[in-house]
Amino acid sequence: MSRKQIILFVLASFLLQGAKAQDKLSIDLNEAKQHALQFNKNIQNSALSVQLSQEQLKQAIAAGLPQVDATADYNNALGAEISIQFAEGQPASQIPIDPTSSFNLTVGQLLFSANYWVGVQTAKLYQELSEKSQTKTERDVISQVVESYYLVIVSGEALEILQENVNNLQAVYEKTAPLVEFGMTEKVELDQLSVQLNSLKNAMKSAARQHVMAQNMLRLQLGVEADMELELTEELDELLSGEDFDQGLTGGFDLAQNIDFQLMEAQGKVQEKQVDMQKANYLPSLSSYYSFNHKILKPAFDMAPTHMVGLQMNIPIFSSGERRAKVRAAKIDMETYRNEQALLEDQLSIQYKQLSFDLKSALENFINQQNNIEVSRAVYKNLKQKYDQGMISSLELTSADNNYLKAESDFLQAALELLQAQNQLNTLTGKL
């Protein structure tokens with residue numbers, strides 16, 4: 001190979017390795033949160049909504065700044081004439097209509113408008129509202145990422161436990177088969193082992209599908225491609241040890257830290273401005289203008305001035321009660337908002353108490369299942385030794401294995417419920 005071919009081969013190898021590396025994403029829980037904040041489509045849309053509110057604020061402000069417009073025109077009557085008879089009995093005079101062309105420049109400036117100032121303030125509040133909505137979207141997405149991360153970890157461990165049990169039961173089956181062949185054990189034991197083994201294999205297939213579904217959900221929330229391989233670098237024990245469950249029970253709840261309550265407060269400010277907007281309709285508005293008119297092609301008779309300035313005031317006088325009804329309607333909406341705010345405060349307080357209760361129950365259940373699995377593991381190991389020594393039958397070992405498997409399953413479910421309860425409480429209290 002020539003030197004150039006060797007260089008091309010090395011570069012191609014590096015590119016292929018880079019492409020393969022990009023097909024796998026290795027992340028811990030914190031990295032998953034950061035990845036979702038950057039690539040999740042819902043969060044990206046909420047960021048676009050914030051940008052949109054910023055542009056709408058600029059539009060509202062620009063409406064009160066100088067407005068400059070220019071027009072140019074050209075008119076041609078195509079040889080037409082005006083016929084004018086100056087005295088009765090005299091022939092009419094024919095006056096040709098000459099082509100005309102002009103350039104007009106107009107500058108307008110709003111001097112006073114209560115609606116304008118209230119509109120600008122409302123646009124600022126809408127921008128604040130969109131930012132709060134973005135924070136809420138980020139919180140909801142992060143909460144979903146945490147839940148999915150937990151589910152992938154737990155479903156993966158459940159799959160590993162089932163695989164281990166299948167391997168253990170397969171070994172017992174293979175050890176029991178020769179005993180049946182030589183008449184040392186009844187065939188019914190081997191049949192029961194076969195049924196148990198098939199059931200475990202089916203359960204393992206179902207667990208594998210659930211694990212894949214959990215991974216797909218996590219991929220969607222992370223904003224990665226559907227065929228991206230995920231490698232979660234944290235174990236269940238790490239996740240459990242990294243949480244302070246007692247702090248979650250004693251930390252308390254500050255309504256001001258809840259994004260739903262913050263959103264409600266921002267909506268209340270907007271609602272107040274809606275009342276002010278309807279009241280502003282009673283006030284007059286004042287604007288000024290300057291006009292410059294240049295005749296490019298002048299007609300024979302032209303009295304239009306070149307420069308013109310002026311003021312215009314719009315004074316609302318009588319609307320048959322329309323403005324009054326709009327003010328009352330806005331005040332009714334304000335009262336409705338206050339009721340909704342009070343209801344939300346009650347709902348959040350009750351929700352906090354319920355989630356605290358759920359976390360406490362989940363923690364107690366987890367501790368109980370943790371003790372159960374230790375006992376079940378010790379019993380299974382003891383019976384496994386007795387089985388290896390020929391002291392018990394395979395059916396007794398299978399029963400112990402079933403109990404141990406159930407204890408493992410109950411422990412994983414308790415761990416998942418504990419982590420989910422903690423996540424839900426953190427989501428509510430703004431500690432996510």
Side-chain angles (χ1 to χ4, degrees), residues 147-177 185-186 188-215 232 234-241 243 245 357-424:
E147 292 264 351
S148 296
Y149 196 98
Y150 291 158
L151 189 57
V152 172
I153 292 294
V154 171
S155 61
E157 294 214 8
L159 186 59
E160 292 177 2
I161 291 172
L162 284 171
Q163 181 64 63
E164 182 182 356
N165 276 268
V166 167
N167 295 337
N168 293 338
L169 198 59
Q170 183 70 40
V172 174
Y173 181 87
E174 293 174 356
K175 186 176 180 179
T176 304
T185 301
E186 295 183 4
V188 66
E189 290 190 18
L190 188 64
D191 293 339
Q192 291 181 350
L193 284 174
S194 177
V195 171
Q196 180 68 19
L197 184 59
N198 290 332
S199 298
L200 274 179
K201 289 180 178 179
N202 289 333
M204 189 177 70
K205 292 178 181 178
S206 177
R209 287 190 290 269
Q210 293 177 358
H211 185 58
V212 171
M213 290 176 59
Q215 287 182 319
L232 307 189
E234 289 185 280
E235 302 291 338
L236 180 59
D237 292 339
E238 296 178 72
L239 296 174
L240 290 169
S241 61
E243 293 288 346
F245 301 107
F357 175 79
D358 292 343
L359 178 59
K360 184 177 180 180
S361 299
L363 182 59
E364 294 173 349
N365 183 47
F366 173 76
I367 295 174
N368 184 44
Q369 296 300 332
Q370 202 171 27
N371 295 331
N372 289 344
I373 196 174
E374 292 175 359
V375 173
S376 299
R377 185 183 294 115
V379 171
Y380 176 76
K381 288 182 178 179
N382 183 37
L383 293 179
K384 182 68 167 59
Q385 291 177 353
K386 290 183 178 181
Y387 174 78
D388 293 337
Q389 296 170 2
M391 299 175 62
I392 62 173
S393 66
S394 60
L395 294 181
E396 292 177 282
L397 180 62
T398 302
S399 177
D401 182 74
N402 289 337
N403 293 335
Y404 178 54
L405 180 61
K406 185 178 184 305
E408 287 275 12
S409 177
D410 292 343
F411 171 76
L412 289 178
Q413 184 63 32
L416 179 61
E417 291 176 354
L418 177 60
L419 290 171
Q420 288 176 337
Q422 176 77 345
N423 179 58
Q424 291 171 3

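It should be emphasised that the depicted structure is a prediction, and the values quoted were computed from it without experimental measurement.
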* To do: Any pair with a residue in residues 409-423 that passes salt bridge (Lys or Arg N to Asp or Glu O under 4.0 Å), sequence neighbours left out, goes on the list, sorted by first then second residue, please.
  =>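 Qualifying pairs, neighbours excluded: Lys406-Asp410.
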Atom pair [atom1] ([X]) and [atom2] ([Y]), whose distance is rounded to the nearest 0.5 Å:
X      : Y      : atom1 : atom2 : value
Leu162 : Glu164 : CG    : CD    : 10.0 Å
Ser155 : Glu160 : OG    : CD    : 10.0 Å
Glu408 : Gln369 : CD    : CD    : 11.0 Å
Asn423 : Tyr150 : CG    : OH    : 5.5 Å
Leu405 : Ile373 : CG    : CD1   : 10.0 Å

* Return each pair, listed once, that meets ring pair (Phe, Tyr, Trp, His ring centres under 6.0 Å) where at least one residue sits in residues 388-424; pairs must be two or more places apart or across chains. =>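 Matches after skipping sequence neighbours: Phe366-Phe411, Tyr380-Tyr404.
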* To do: Output yes when a side-chain donor or acceptor of Asn382 lies under 3.5 Å from a complementary backbone atom of Ala378, and no otherwise.
  =>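 No; judged by distance alone, with no hydrogens or angles, the pair does not exist.
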* Does Glu364 offer a backbone N or O that forms a donor-acceptor pair with the side chain of Asn368 under 3.5 Å? ->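 Absent.
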Could you tell me if the side chain of [Y] sits less than 4.5 Å from the side chain of [X], heavy atoms only?
X      : Y      : answer
Val172 : Leu197 : no
Ile153 : Leu239 : yes
Glu235 : Glu157 : yes
Gln413 : Ser409 : no
Glu396 : Leu383 : no

* With sequence neighbours left out, what residues match Ser194 under side chain to side chain contact (heavy atoms under 4.5 Å, CB included)? ->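 Side chain to side chain contact (heavy atoms under 4.5 Å, CB included) check on Ser194 returns Tyr173, Asn198.
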* Between Gln192 and Gln196, does any side-chain donor sit less than 3.5 Å from a side-chain acceptor? ->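 No, Gln196 and Gln192 have no side-chain donor paired with an acceptor closer than 3.5 Å.
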